[in-house]
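Data block below; observations after.
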Amino acid sequence: MKVYQPTEIKNIALIGSAGSGKTTLAEAMLFESGVIKRRGSVEQKNTVSDYFPVEQEYGYSVFPTVFHAEWNNKKLNVIDCPGSDDFVGGAITALNVTDQALVLVNGQYGPEVGTQNAFRNTEKLKKPVIFLVNQLDRENCDFDRLVASMRDIYGQKCVLVQYPLETGPNFHSLIDVLLMKKYSWKPEGGAPIIEDVPAEEYEKAHALHAALVEAAAENDETLMEKFFEAETLSEDEIREGIRKGLVERSIFPVFCVCAQKDMGVRRLMEFLGNVVPFVTDMPPVKNTRGEEVKVDPAAPTALYFFKTGLEPHIGEVSYFKVLSGTVKTGDDLNNADRGSKERIGQLYACAGANRIPVDELRAGDIGCTVKLKDVKTGNTLCAKDAEQQFDFIKYPNSKYSRAIKAVNSSDTEKLMAALLKMRQEDPTWVVEQSKELRQTIVHGQGEFHLRTLKWRLENNEKIPVEYVEAKIPYRETITKTARADYRHKKQSGGAGQFGEVHLIVEPYTEGMPDPVAYKFNGQEYKMNIKSREEIDLEWGGKLVFLNSVVGGAIDMRFMPAILKGVMERMERGPLTGSYARDVRVVVYDGKMHPVDSNELSFMLAARQAFSAAFKEAGPKILEPIYDLEVLVPADYMGDVMSDLQGRRAIIMGMDSEAGYQKLSAKIPLKELSSYSIALSSLTGGRASFNTSFSSYELVPNDIQQQLIKEHEAEQQEED
């Protein structure tokens, strides 16, 4: 294979909603470029992209697939991304390492929520967009209505480059208004028949051509001046204007294709090769120091590893982008993240499940290698004279969580190793071993996302697993002041145990002054603060510990033990065993024995005294509240709102965004447990949502009593 320069490389992400035909298009592109000799199909489970067993089992793309196509002395690196929102991590990864988004639109349904989600990701990352209307041969395809819908959502930046002469089963021809030609195909597709625009279509085609030329000219002052003078531009000038408009996101060209019949694919690839930005046209990435890293083959080598694939009989396949420099077979590089050294034994150009050996890859190119010793997703390999690290890929928060455990306890260690290995393939699978909840929790993007993980564990790793409801990380706190004391006394021959602690607990709020006096049952307790510790709790909130002991009632050397006893009860709250937070503890009195007092005695006394005081201080349970944003078609708004109200959600606001309704709410984490399933059921899969942690709030009294009863029952079972 030829060694390509940055000015000959184009990196493209293939994104869109599930079912829009991305994998089928990828197959046609590979066929047209000669990488494969025969097109496979999703139904026959023999496509280049969906080659993992789990993808063939479900008929969905699960992982992004990297492939390349050589076209007109250009190298097109394409990443075919999963369409389901459950596997959004693949699209996020691809958009970060490519320079152009090709957004597929289902010709039958038009822009769907998956299309909108894909477009929003291109907005966040400021990536150029080309819309490709696929499946024009479907019975219900109405191209004019579809384009009107796209312009309502994405604005007048949507500019037609092509339009079909007929849609539905008879689709076989279109007008290209950039070239002002008619393209038509025989039933087998492939090479088009190219003719002049028919007389009956000329007026419409000419008007759309003029609109395209004007949209292209708007991106360059010189082109605009020429357009005003001549009222037209040459073909090369139109291309240059479109390229600049793509980079600035001021134009979204719209193409037509029927990928399944290989109609329009060759013309699309011509446009990709001739017009879309090269890697050198896009802003350079920045390293962790905030420095720009230019796409320069002569610079020190830096490879960023954005994906790891685990393949049978091969092991780890590591996919990378050459951010700078040139990499060659046999190069010795340093892992900037892990401090280890690696030798690049083999280099490949990617073609899905196939790999084509190459000797070198230059800045801007994408490739893969195998048998690296210690490289993980997100690592950077650098030449000796380069120290680069990158963390520019930001993944969305998890939406669905379940506790996971091996059916056979003997498989527990094997399960953890498999989970950590699989997270290298998909960083949106987040594994948490929760000390607080005493569960291993897997967080993902949806129920299907976690179901896929289970399938792989059971079928690939041969580890039977089960999911159970993840416990909720409640918090406990107090609402009023209370006092308690406790004497720990134990005698068993020889030295005994003795410690007595008197303390006061009260709710803590930021900035509150140290206490001067308290009053309980008519008796006043004056405080003389000797020492103060303010502890930021790792689970949120604070513990403020004050020593107000006078007259040597408790020796200072026992204070750390008293604090330890309090902390032990903070870690296992008296109500439900949840973490306690935002409490101030004042130790004001106690007793000790000259022989029998020790750290253990005072720790146990403090633990019991704190527990007793806590229960008298108006204890309350706090629950985690999340910010929720739902993107939903207007037709389903009422159903979604009714469902949220039944989940104790508080609606914070409503807005419209690009043809959808955006609903903002605050909702308890408990009610989010199966929300992804419920929302999909309510809207036929046409809505999506995002969540982020907001705060801890008091649970209603009836729920608090229920939680306390459940905890007491669990305690009895354990006893």
[X] side-chain N/O to [Y] backbone N/O, donor-acceptor pair under 3.5 Å:
X      : Y      : answer
Asp137 : Asn170 : no
Glu292 : Pro284 : no
Arg151 : Gly155 : no
Ser149 : Arg145 : no
Lys666 : Tyr626 : no
Asn219 : Ala215 : yes
Lys10  : Val276 : yes
Asn397 : Thr691 : yes
His209 : Val177 : yes
Lys22  : Gly19  : no

Does [atom1] belonging to [X] count more than 12 external heavy atoms closer than 6.0 Å?
X      : atom1 : result
Gln260 : CD    : no
Ile650 : CD1   : no
Glu123 : CD    : yes

Using side-chain heavy atoms (C-beta onward) and a distance below 4.5 Å, is [X] in contact with [Y]?
X      : Y      : value
Ser20  : Gln108 : no
Ile625 : Ile667 : no
Ile79  : Cys81  : yes
Leu25  : Leu102 : yes
Met263 : Leu136 : no
Tyr319 : Phe306 : yes
Val442 : Leu450 : yes
Lys74  : Ile9   : no

Intermediate values then yes/no, side-chain contact (heavy atoms from CB on, under 4.5 Å), Glu629 and Lys662: CA-CA 7 Å; Glu629 183 182 282; Lys662 186 167 72 173; 3.5 Å; yes
Regarding [X] and [Y], is there a side-chain donor-to-acceptor distance under 3.5 Å anywhere?
X      : Y      : value
Thr65  : Asp80  : no
Arg138 : Thr167 : no
His68  : Asp365 : no
Arg686 : Ser680 : no
Asn117 : Ser688 : yes
Thr377 : Thr308 : yes
Tyr636 : Gln661 : no
Gln135 : Asn106 : yes
Thr280 : Thr7   : no
Ser674 : Arg402 : yes

Is the centre of the [X] ring less than 6.0 Å from the centre of the [Y] ring?
X      : Y      : answer
Tyr154 : Phe119 : yes
Phe87  : Phe63  : no
Phe689 : Tyr675 : yes

Shortest non-hydrogen contact between [X] and [Y], atoms and distance:
X      : Y      : answer
Gly367 : Cys350 : C-SG, 3.6 Å
Ile175 : Ala205 : CG2-CB, 3.9 Å
Thr115 : Gly110 : OG1-O, 4.3 Å

Verdict with reasoning, Glu70 to Tyr4, per side chain to side chain donor-acceptor pair (under 3.5 Å): CA-CA 10 Å; Glu70 294 178 278; Tyr4 288 89; 2.5 Å; yes
Mutual orientation of the aromatic rings belonging to Phe390 and Phe392 [parallel < 30°, tilted 30-60°, perpendicular > 60°]: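 Taking Phe392 first and then Phe390, their aromatic rings stand perpendicular (interplane angle over 60°).
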Parallel, tilted or perpendicular: rings of Trp185 and Phe171 (30°, 60°):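 Ring orientation, 0 to 90° scale: tilted.
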Looking at [Y] and [X], is there a salt bridge between them, counting it only when a charged N and a carboxylate O are closer than 4.0 Å?
X      : Y      : result
Arg243 : Glu240 : yes
Lys157 : Glu218 : no
Asp85  : Lys399 : yes

Quiz item: cation-pi between Lys321 and Tyr304, 6.0 Å / 45°: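 Here Lys321 fails the 6.0 Å and 45° test against Tyr304.
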Working for side-chain contact (heavy atoms from CB on, under 4.5 Å), residues Cys258 and His172: CA-CA 9 Å; Cys258 180; His172 70 283; over 6 Å; no
Verdict with supporting geometry, Arg39 and Thr24, side chain to side chain donor-acceptor pair (under 3.5 Å): CA-CA 9 Å; Arg39 288 188 296 141; Thr24 304; over 6 Å; no
Residue that, paired with Met282, satisfies side-chain contact (heavy atoms from CB on, under 4.5 Å) out of Asp99, Asn11, Thr98, Leu246: Asp99
Separation of Ile92 CD1 from Gln445 CD (nearest 0.5 Å):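 Those atoms lie 9.0 Å apart.
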Which atom pairs, donor and acceptor, lie under 3.5 Å between side-chain atoms of residues 266-273 and protein residues at least two apart or in another chain?
{"unit_1": "Arg266", "atom_1": "NE", "unit_2": "Glu32", "atom_2": "OE1", "d": "2.8"}
{"unit_1": "Arg266", "atom_1": "NH2", "unit_2": "Glu32", "atom_2": "OE1", "d": "2.8"}
{"unit_1": "Arg267", "atom_1": "NE", "unit_2": "Asp176", "atom_2": "OD2", "d": "2.6"}
{"unit_1": "Arg267", "atom_1": "NH2", "unit_2": "Asp176", "atom_2": "OD2", "d": "3.3"}

Listed once per pair and sorted, the ring-ring contact (aromatic ring centres under 6.0 Å, His included) pairs that draw on residues 8-30, sequence neighbours left out: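 Output for this query is empty, none listed.
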Asp426 vs His449, side chain to side chain donor-acceptor pair (under 3.5 Å): CA-CA, chis, key distance, verdict: CA-CA 10 Å; Asp426 183 352; His449 196 205; 2.8 Å; yes
Residue pair Ile130, Val161: steps toward the side-chain contact (heavy atoms from CB on, under 4.5 Å) verdict: CA-CA 10 Å; Ile130 296 171; Val161 177; over 6 Å; no
Trace of the side-chain contact (heavy atoms from CB on, under 4.5 Å) decision for Val133 with Val254: CA-CA 7 Å; Val133 182; Val254 180; 4.0 Å; yes
Under the side chain to side chain contact (heavy atoms under 4.5 Å, CB included) test, residues paired with Asp220 that sit two or more places apart: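 Thr222, Leu223, Lys244.
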